[in-house]
Amino acid sequence: MRHILVTTLHGIIESLTENSHPMQEKYHPQEIEKSAQQYWEKTAAFTSAETSEKPKYYCLSMFPYPSGKLHMGHVRNYTIGDVLSRYRRMQGYNVLQPMGWDAFGLPAENAAMQNNVSPAKWTYDNIAYMRMQLKSLGLGIDWDRELATCDPSYYHWNQWLFLRMLEKGLVYQTTGTVNWDPIDQTVLANEQVIDGCGWRTGAPVEKREIPMYYMKITQYADELLDALDTLPGWPERVRTMQANWIGKSHGVDIVFPADTASGTPQDLKVFTTRADTLMGATYVAVAAEHPIALHAARDNPALHRFIQECKLGATKEADLATQEKKGMDTGLFVIHPLSGERLPVWIANYVLMGYGEGAVMAVPAHDERDFDFARHYSLPVKAVIRPADGDLQLPLTEAYVEYGVTFDSGEYSGLAFQAAVDTIAAALQAKGLGNKRVQYRLRDWGISRQRYWGCPIPLIHCESCGVVPVPDDQLPVALPQDLVPDGSGNPLGRTPSFYECTCPKCGQPARRETDTMDTFVDSSWYYARYTCPDQDKAMTDERANYWLPVDQYIGGIEHAILHLLYSRFWSKVMRDLGLLKIDEPFTNLLTQGMVLNEIFYRKAGSGRITYYNPAEVDIQYDEHGKRSSVSLFADQQPVESGGIGTMSKSKNNGVDPQKLVETYGADTARLFMMFASPPTQTLEWSDAGVDGAYRFLKRLWKQVHTHVEQGIVIIDPALHHASAELGRLRFQLHQTIAKVTDDLDRRHTFNTAIAAIMELMNNLARLQETDSATRNLMQEAMENIVLLLSPIVPHICHALWRELRPGTELLDQPWPQADASALVQDEIKLVVQVNGKLRGEILVLKDADKAAIEQAALENEQVKKFVEGAAIKKIIVVPGKLVNIVV
RNA sequence: GCCGAGGUGGCGGAAUUGGUAGACGCACUGGAUUCAAAAUCCAGCGAUGGUAACAUCAUGGGGGUUCGAUUCCCCCCCUCGGCACCA
C-alpha cells in the first residue's frame with residue numbers, strides 16, 4: 001500500500017518538475033529575494049483579517065521615528081518581530097504584524113531649521129525612504145494598516161481623548177518647570193541642554209515656571225503598580241523598574257509650626273518615610289522657590305542672590321542629584337512638633353519645589369545627604385537610631401541609615417522601626433500636627449510642549465469664557481503643514497491663521513492654544529489604532545476587541561519606563577471610557593538590547609557640539625594596535641571620542657543597513673543580526689561576522705542543490721532505522737527541531753537556534769554515501785532545516801522549499817514537530833569527576849541504577865589514576881549528568 | 001546621585017534548574033586546489049609547562065557557602081540603559 005502511494009507521489013512530482021527550470025547552482029540573494037517578496041505581495045500573504053477561525057496572534061514592534069534612514073537597532077527590532085510572527089504563523093495562528101511611524105517630534109524641527117524645509121516634507125520624505133528599506137528586509141507586515149501619527153486622521157483621536165479626559169477631570173492645568181534659553185527666548189528640551197547651557201546659544205539655562213496641562217496618571221498609580229503582578233510575560237527587570245518609578249511609600253506628613261517670634265510666616269509641612277527619626281531632626285530645609293524662602297529673601301539681598309543662583313541650571317534630575325549641595329540659613333525658625341525645640345530653616349538646592357511639599361526635615365545622623373550637608377555647614381548631628389543588637393559608634397563618621405531601634409528619643413525610645421513610626425504618628429495626630437499618608441514618587445504627566453511639530457492641544461482661550469474646549473465636530477484641530485521653525489519659540493504663536501479663532505461658547509474672537517502634545521501621547525495608543533486604522537467615526541471599533549491585547553510587544557529597553565508606563569495608563573483610561581475591554585495592552589514584552597556604536601564629536605567655541613558618523617572618521621593605530629589618531633576623513637582634523645552609546649539620530653552614530661542589504665541580501669543581514677547575540681543583550685556594533693552569515697547561506701544553498709540534483713526523495717519512514725550512524729544523525733535532527741522550537745518560543749535565543757542548525761549541517765555535510773537510506777535522511781533533514789530557518793531567513797527558504805517540494809509553498813507548511821521515537825536512546829554518556837574535576841567519561845544504560853553507575857565510574861582507567869590509594873569519602877551521582885567521586 | 005542591567009579566549013558569544021567552561025561563528029595560522037588570486041575544502045587555535053601523553057591555571061577584582069560556583073551570598077571596580085521636554 002505504502003509502496004503504491006510512494007510510486008504515485010513520485011509520478012506527481014515528476015510531472016510537476018518536468019517543466020520547471022533546474023535549480024540554480026549558485027546562491028543569488030538579489031534575485032531570490034525580489035522573487036519571494038513579489039510572491040508574498042501578489043498573494044497578500046501577510047494581509048490580516050478578523051474573520052479567521054485560527055487563534056489570533058498580535059505581534060507588535062515599536063514603531064520607528066522617521067529619522068531618515070533605518071539603523072541597525074531597527075533591523076534587530078523588526079527582524080525579531082518578524083521571526084516571531086512567521087514562527088507563530090507556521091504554528092497555525094492568525095497573525096497581525098503592523099507597521100507605522102512615530103512621526104511627530106523635535107528632530108523634524110531641527111532638520112527643518114538646518115535645511116529650510118518644512119518638518120512635514122522632511123518627515124514624509126523620510127517615511128517614504130524608510131518604508132522602502134523596511135520592505136527590502138522582507139518583513140511579513142500588513143502594510144494596509146500603516147499609520148503615521150502626524151496624519152490628522154490619527155491625531156484627531158489624541159485630541160478627542162484629551163477632551164474626554166478633561167471632562168472626567170483627568171486633565172488639569174498648573175505650572176511646570178522648563179529649561180529656558182534667555183538668548184533664544186525659547187523653551188529647551190533636556191536634550192538641548194548641554195552642561196547647563198543652551199545647545200545653540202551656549203547661554204546658561206534658567207528654570208522657568210510656565211502654565212502646562214497635566215494628565216492625572218497618579219490617579220492610576222495603585223492600579224499601574226498592582227497590575228505589574230498580572231504581567232508574567234514581562235521581564236522581571238522592567239516590572240521592577242516600573243514599580244520603583246511609581247515608588248509607593250508609606251510615611252507621615254509632619255507639620256512644623258512656625259516660630260512667629262523669628263518672623264516665620266507660616267507653618268512648614270514635610271513628608272517623611274522615616275518618622276522614627278523625627279527626634280533626631282536638627283534643621284529643616286526648603287526649596288529655593290518655597291514661600292518661606294521667598295519671604296525670608298524679601299529684605300535679605302544675600303538670600304535673594306542665592307535663590308537666583310538656584311534658579312540657574314537645567315531641570316534634569318540627574319544634574320540636580322549630582323550638583324554640589326549648597327544651602328543658606330534663612331534666620332527663620334520652626335518648632336519641632338514633639339520636642340518643642342526651635343529648628344533653623346535652611347534653603348537647600350537639593351530640595352525641589354516640584355517634589356512633595358518642597359521642604360524636608362533633616363536628620364543628619366540617619367540620612368546621607370543630610371549628614372553631608374550638616375557637616376559642610378556645621379549643623380548639629382543627633383543620633384536617635386541604633387542597631388537592634390548593639391550600640392552606635394559615636395560620634396558618627398557617616399550616617400546610620402538602617403532600620404534599627406530608637407534611643408535618646410524621650411518617651412519614644414526603645415522602639416523598633418514600625419512601632420516607632422506608629423507611636424510618633426499617633427502622637428502627632430493627637431496634636432493635629434501629622435498624619436500617616438501613602439506617597440508616590442510618580443508625578444502627573446505634563447503633556448504641554450511649546451513646539452510646532454506635534455498634535456495641537458484642542459483648547460481655545462476666550463477673554464470672557466476662559467479656557468473652552470474645541471467642540472468634537474470641529475476636530476481635528478489641524479496643524480499647518482508648511483511652517484519652518486527658526487529656533488526662537490513656537491512658530492504657531494506667530495501664525496494668526498492658526499491661532500485666530502472664535503470662541504465656541506460666546507462667538508467672540510479668541511485665541512487658540514498653540515502648545516502641542518508630548519509625542520509620548522501619540523505612541524500611547526497606536527497599538528490599538530492598528531486594529532482599525534480606517535475608522536473615521538471613532539477612535540477604535542470592535543476590531544480592537546478581536547486583536548487586543550497585543551500578544552507580543554518588542555522594543556528597546558530604553559522604553560522600559562516612560563513609553564510603557566504611559567501606554568499602560570492610556571489603555572486603562574480608554575478602558576474606563578468604554579473604548580477597550582483590556583486591562584493591560586501588552587501581554588508579553590521582549591525588551592531588545594541596545595545596538596551601540598562609538599560616538600565622535602567636536603565642540604565649537606560657543607559650546608555647540610557637532611557629531612560625526614563613525615563612517616566619516618579615520619582611526620589610525622600604532623604598532624601596538626593602540627589608537628594613535630582619530631580624525632575626520634574630510635579635513636584630517638582631529639575629532640573627540642565620546643565613548644560608546646546607543647545608535648541615534650542625535651548622536652549621529654547610526655549605521656545604515658542599506659549597504660549590507662545591497663551587498664549580501666536581506667537574509668544575510670537578518671541572519672547576521674540574529675546570530676550576533678541574544679536579542680535582550682546590549683550589542684556593540686561590528687560587522688565582523690557578516691561574511692560568516694553569508695557563507696552559511698551559500699553552504700545551505702549548495703547542500704540543498706547537491707541533494708536535489710540527485711533527485712528529490714519522498715520520505716519513507718521504513719528507511720529511518722537503516723544504520724546506527726543514520727540513527728544518530730536522525731536523533732540530532734529531531735533534537736535540533738525540539739531545541740530550535742524551544743529557543744524561538746520560550747527562550748527567544750535565536751543565536752543558539754542558529755548554532756544548533758549549523759552543527760547539524762556540519763554533521764550532515766560529512767555524509768558521503770548516496771544509498772537510499774542516506775538520501776532519505778538527507779531529504780528529511782533538508783526539509784526540516786529549511787522550515788526551521790524560514791522565520792529567520794525567509795527568502796532563501798522560500799526558494800529552497802520550492803526545490804525540495806515542487807508544487808508546494810513554504811508559507812503553507814506547518815512548523816515541524818520532533819519525532820519522539822527518534823529521540824529514544826539506549827545508552828547515555830556520564831561525566832566522571834574526582835573532587836569536582838573532570839577525569840573521565842562512561843557510557844551506561846539509560847536506566848542503570850546508582851550502584852551500576854558507581855561501579856562503572858570506578859572501573860574507568862582515567863578515574864582509577866586519581867582514586868587509587870585514596871579513601872573514597874563519598875560518591876555523588878547526578879542522574880543523566882555526572883558522577884563525582886570525593887576522596 | 002538614584003533605579004535597572006551587564007562584565008567569559010584576539011572578537012561576537014555558548015554553558016537553559018548549582019554539575020564537562022569556551023558550543024556555534026568571526027579573525028588568525030598551516031595545508032589542499034589554482035599559473036596566480038578570489039571562492040571553496042581540510043586541519044589547528046584560552047594561558048603556562050611539556051616532544052607528547054598530560055598537568056596546572058583561568059569566567060572584571062577580593063572574600064564566602066558547597067562534593068562541585070560563569071551560575072548562590074557579601075564587598076569593590078568598570079561599562080551600558082533610564083531619570084519625567086530625545087524618541
Side-chain angles (χ1 to χ4, degrees), chain A residues 62 64-65 67 102 104-107 176 178-179 187-193 235-238 240-241 243-245 247 315-323 350 368-369 441-451 518-520 523 556-563 565-566 591 593-594 596 625 643-646 648-651 672 675-678 680-684 686 688-693 695-696 698-699 702 739 742-743 746-747 749 751-752 754-759 762 829-839 841 873-876 878 881-887:
Chain A
M62 288 180 187
Y65 178 79
S67 55
D102 187 13
F104 274 138
L106 194 55
V178 294
N179 306 304
V187 176
L188 297 177
N190 280 340
E191 191 187 52
Q192 298 171 315
V193 178
E236 186 68 44
R237 60 165 154 156
V238 175
T240 305
M241 279 191 257
N244 290 341
W245 183 263
T315 57
K316 279 185 254 191
E317 196 197 273
D319 290 351
L320 298 168
T322 49
Q323 72 187 351
Y350 67 82
E368 277 173 35
R369 209 170 43 179
R441 206 189 77 94
L442 181 68
R443 309 200 299 268
D444 277 337
W445 176 13
I447 58 139
S448 297
R449 299 290 179 271
Q450 298 67 47
R451 271 190 264 290
D518 181 5
T519 57
F520 273 123
S523 55
I557 183 69
E558 77 274 24
H559 295 296
I561 295 173
L562 292 180
H563 161 61
L565 197 61
Y566 291 143
T591 45
M594 302 281 75
L596 309 179
I644 54 171
T646 167
S648 72
K649 178 86 184 168
S650 60
K651 295 280 165 36
F672 163 66
F675 187 56
S677 78
T680 54
Q681 199 160 303
T682 302
L683 181 65
E684 220 175 301
S686 152
V690 173
D691 284 327
R695 214 172 286 159
F696 172 75
K698 279 196 289 189
R699 262 203 314 273
K702 194 178 144 200
K739 171 160 178 62
D742 187 43
D743 282 353
R746 177 183 63 88
R747 299 216 308 152
T749 51
N751 56 331
T752 53
I754 295 163
I757 295 170
M758 285 175 169
E759 276 185 82
N762 289 345
K829 194 184 83 178
L830 291 184
V831 159
V832 185
Q833 299 179 335
V834 179
N835 289 340
K837 282 189 179 171
L838 173 67
R839 296 304 181 190
E841 281 175 5
K873 284 186 191 147
K874 63 172 158 179
I875 300 179
I876 292 145
V878 183
K881 287 255 164 72
L882 59 70
V883 183
N884 188 14
I885 302 164
V886 185
V887 296

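Each chain gets a letter, A, B and so on, in the order the sequences are listed, and its residues count up from 1.
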Exercise. Please lay out, stage by stage, how A:I557 and A:M594 fare under the test side-chain contact (heavy atoms from CB on, under 4.5 Å).
Key: CA-CA 7 Å; A:I557 183 69; A:M594 302 281 75; 4.2 Å; yes
[X] has an atom [atom1]; how far is it from atom [atom2] of [N], in whole Å?
{"X": "A:I876", "N": "B:rU20", "atom1": "CD1", "atom2": "P", "result": "14 Å"}
{"X": "A:F672", "N": "B:rC24", "atom1": "CZ", "atom2": "C1'", "result": "15 Å"}
{"X": "A:I757", "N": "B:rA14", "atom1": "CD1", "atom2": "C1'", "result": "16 Å"}
{"X": "A:E684", "N": "B:rG6", "atom1": "CD", "atom2": "P", "result": "17 Å"}
{"X": "A:L830", "N": "B:rG68", "atom1": "CG", "atom2": "P", "result": "20 Å"}
{"X": "A:F696", "N": "B:rU40", "atom1": "CZ", "atom2": "P", "result": "14 Å"}
{"X": "A:N835", "N": "B:rU20", "atom1": "CG", "atom2": "C1'", "result": "16 Å"}
{"X": "A:L683", "N": "B:rG13", "atom1": "CG", "atom2": "P", "result": "6 Å"}

Quiz item: Just by protein heavy atoms under 4.0 Å, how would nucleotides 79-87 of chain B read 5' to 3' in B, S and -?
Solution: -SSSBBBSB
Pairwise [atom1] distance for [N] and [M], with rounding to whole Å:
{"N": "B:rG12", "M": "B:rG7", "atom1": "P", "answer": "12 Å"}
{"N": "B:rU16", "M": "B:rC72", "atom1": "P", "answer": "12 Å"}
{"N": "B:rA55", "M": "B:rA21", "atom1": "P", "answer": "12 Å"}
{"N": "B:rU71", "M": "B:rU8", "atom1": "C1'", "answer": "12 Å"}
{"N": "B:rC2", "M": "B:rG25", "atom1": "P", "answer": "45 Å"}
{"N": "B:rA47", "M": "B:rU59", "atom1": "C1'", "answer": "13 Å"}

Polar side-chain contact [X]-[N] base: donor and acceptor under 3.5 Å:
{"X": "A:N244", "N": "B:rC3", "value": "no"}
{"X": "A:K837", "N": "B:rU56", "value": "no"}
{"X": "A:Q833", "N": "B:rG19", "value": "yes"}
{"X": "A:R746", "N": "B:rU16", "value": "yes"}

Taking [X] for its side chain and [Y] for its backbone only, find out whether a donor-acceptor pair lies under 3.5 Å.
{"X": "A:R441", "Y": "A:W245", "value": "yes"}
{"X": "A:T749", "Y": "A:N751", "value": "no"}
{"X": "A:N179", "Y": "A:T315", "value": "yes"}
{"X": "A:N884", "Y": "A:V832", "value": "no"}
{"X": "A:Q192", "Y": "A:A189", "value": "yes"}

Quiz prompt | Nearest-0.5 Å distance, CG of residue A:L830 to NZ of residue A:K881 | solution =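 A:L830 atom CG to A:K881 atom NZ measures 11.0 Å (nearest 0.5 Å).
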Quiz item: So what does A:K651 touch, heavy atoms closer than 4.0 Å: a base, only the sugar-phosphate, or nothing?
Solution: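 If one applies the 4.0 Å heavy-atom cut-off, A:K651 turns out to touch nothing in the nucleic acid.
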Quiz item: If you look at every strand shown and take non-hydrogen atoms under 4.0 Å, does A:R747 touch a base, only sugar-phosphate, or nothing?
Solution: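 Here A:R747 touches the bases of the nucleic acid.
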Quiz prompt | Residue A:K739, side-chain atoms from C-beta onward, closest of B:rU20, B:rG25, B:rU16 | solution =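 Between B:rU20, B:rG25, B:rU16, the one nearest the side chain of A:K739 would be B:rU16.
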Exercise. Begin with the C-alpha distance, continue with both residues' side-chain angles, and end with the deciding distance and a verdict on side-chain contact (heavy atoms from CB on, under 4.5 Å) for A:Q833 and A:V886.
Key: CA-CA 8 Å; A:Q833 299 179 335; A:V886 185; over 6 Å; no
Quiz item: Is the closest side-chain heavy-atom distance between A:K316 and A:L320 below 4.5 Å?
Solution: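 Not touching, per the 4.5 Å side-chain cut-off.
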Quiz item: A:K649: what forms a side chain to side chain donor-acceptor pair (under 3.5 Å) with it, not counting sequence neighbours?
Solution: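 Per chain and number, A:K649 pairs via side chain to side chain donor-acceptor pair (under 3.5 Å) with no residue.
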Distance check: side-chain N/O of [X] vs OP1/OP2 of [N], anything under 4.0 Å?
{"X": "A:N751", "N": "B:rG12", "value": "no"}
{"X": "A:N762", "N": "B:rG25", "value": "yes"}
{"X": "A:R695", "N": "B:rA38", "value": "no"}

Quiz item: RNA chain B: A:V831 or A:T240, which has the more 5' nearest nucleotide?
Solution: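 Looking at the nearest nucleotide for each, A:T240 comes out on the 5' side.
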Practice problem: Identify, between A:D742 and A:M758, the residue whose nearest nucleotide on RNA chain B lies closer to the 5' end. | Solution: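 Closer to the 5' end of RNA chain B: A:D742.
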Practice problem: Can you tell me which stems RNA chain B forms, taking runs of 3 or more consecutive Watson-Crick or G-U pairs with both distances under 3.5 Å? | Solution: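 Stems (3+ consecutive pairs) listed as B:1-7 with B:77-83, B:10-12 with B:24-26, B:28-32 with B:40-44, B:46-49 with B:54-57, B:60-64 with B:72-76.
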Quiz item: Hey, are A:R695 and A:D691 close enough for a salt bridge, meaning a charged N less than 4.0 Å from a carboxylate O?
Solution: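 No.
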